[in-house]
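When a ligand or atom number is given, it counts from 1 through the structure's own listing order.
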Amino acid sequence: MNVVLTGSGRGIGLELARQLHAAGHTVIAGCRNPGDELLALGVTVVQGVEVTSDEGIGRLLEASPDRVDLLLNNAGVLQRNTLAELDLDSIRLQFEVNALAPVRVTRAFLGRLERGSKVAIVTSRMGSIADNTSGGHYGYRMSKAAANMGGKSLANDLGPRGVAVVMLHPGFVKTAMTGFNGNWGPAEAAAGLLARIEELTPSTSGGFWHAEGPQLPW
Ligand SMILES: NC(=O)c1ccc[n+]([C@@H]2O[C@H](COP(=O)([O-])OP(=O)(O)OC[C@H]3O[C@@H](n4cnc5c(N)ncnc54)[C@H](OP(=O)(O)O)[C@@H]3O)[C@@H](O)[C@H]2O)c1
């Protein structure tokens with residue numbers, strides 16, 4: 001299968017690239033700046049893929065095959081915003097990366113998605129309104145909730161073309177985003193995400209799932 005991925009330079013994205021490549025898939029790994037680990041994998045690395053710019057997204061499109069079986073929107077950013085220190089530029093940035101980019105990237109790739117293709121968006125349980133019992137994190141929570149809504153609309157819009165869309169929470173993962181705290185590492189998280197993507201069918205399109213398996217409430 002041909003897979004296109006964003007945010008593959010480190011963390012969960014790097015592991016997704018590694019595991020997809022090891023499974024024999026063709027991986028087009030978009031990143032802003034590749035680290036040595038990504039360069040050593042043997043996948044097609046596309047640098048300068050800034051997901052908030054048409055130029056960056058265009059670079060990824062240019063390097064991608066005519067048919068994309070899986071478009072994996074993984075790039076994301078977390079900045080801590082409290083009510084006392086409401087940095088609006090920080091919140092806007094998180095909306096650009098977490099919420100708008102997956103829709104922008106998917107729209108750019110529409111011509112490459114065919115019947116049977118899948119789109120995955122790595123969102124977060126922190127975007128679940130039902131799960132929000134602790135507040136704060138305005139930019140991250142709001143942008144991930146918006147990402148879920150964007151993904152649901154994509155699922156509805158792309159359903160008639162036979163393209164399935166899934167929103168995924170990777171768990172609490174030990175990456176730079178969490179200061180390397182978490183319940184599991186990027187390798188386990190990536191394996192869980194890929195298992196959920198494998199299970200995705202047109203009839204389950206538009207859902208929100210934990211990488212460990214259970215469906216999550218909006
Ligand atoms: N770690 C967790 O516990 C956790 C929990 C829930 C959801 N998630 C989600 O999982 C995904 C991967 O996160 P991670 O934990 O692997 O974090 P990470 O190590 O911080 O990696 C984030 C990735 O996103 C890329 N990125 C950020 N802003 C970008 C932009 N404007 N354009 C292009 N790429 C950009 C980064 O690229 P650079 O290297 O160039 O900065 C990096 O490759 C994110 O969507 C995150 O929100 C993570």
Quick note, side chain to side chain donor-acceptor pair (under 3.5 Å) partners involving residues 175-200, not counting sequence neighbours, are Arg196-Glu199

Mode of Ala189 contact toward ligand 1 - side chain, backbone, both, neither (heavy atoms, under 4.0 Å): neither

Tell me whether Asn33 has any N or O atom under 3.5 angstrom from an N or O of ligand 1. no

When you look for heavy atoms under 4.0 Å from ligand 1, do you find them on the side chain of Val49, its backbone, both, or neither? backbone

Would you say ligand 1 has an N or O under 3.5 Å from any N or O of Phe172? no

Counting only heavy atoms not in Arg67, do more than 12 fall under 6.0 Å of its CZ? yes

In this structure, atom 12 (C) of ligand 1 is nearest to the protein heavy atom Asn74 OD1, 3.3 Å

Of Thr123, Asn98, Val122, Ile121, the one whose closest heavy atom lies nearest atom 10 (O) of ligand 1 is Val122

Answer yes or no for Arg125: is there a heavy-atom contact with ligand 1 below 4.0 Å? no

From Gly171, Ala75, Ser124 - option closest to atom 5 (C) of ligand 1 by heavy atom: Gly171

Please state which part of Val97 comes within less than 4.0 Å of ligand 1, counting heavy atoms only: side chain, backbone, both or neither. side chain

With a 4.0 Å heavy-atom cut-off (strictly under), which part of His169 contacts ligand 1: side chain, backbone, both or neither? side chain

So is Gly182 in contact with ligand 1, going by heavy-atom distances below 4.0 Å? no

Just heavy atoms, cut-off under 4.0 Å: does Val51 contact ligand 1 by side chain, backbone, both, or neither? both

Can you give me the closest heavy-atom contact between Val46 and Arg59, atom names plus distance? CG1-O, 3.7 Å

Going by distance only, is there an N or O of Thr178 that falls short of 3.5 Å from an N or O of ligand 1? no

Check ring pair (Phe, Tyr, Trp, His ring centres under 6.0 Å) between Phe95 and all other residues, then give those that pass, not counting sequence neighbours. none

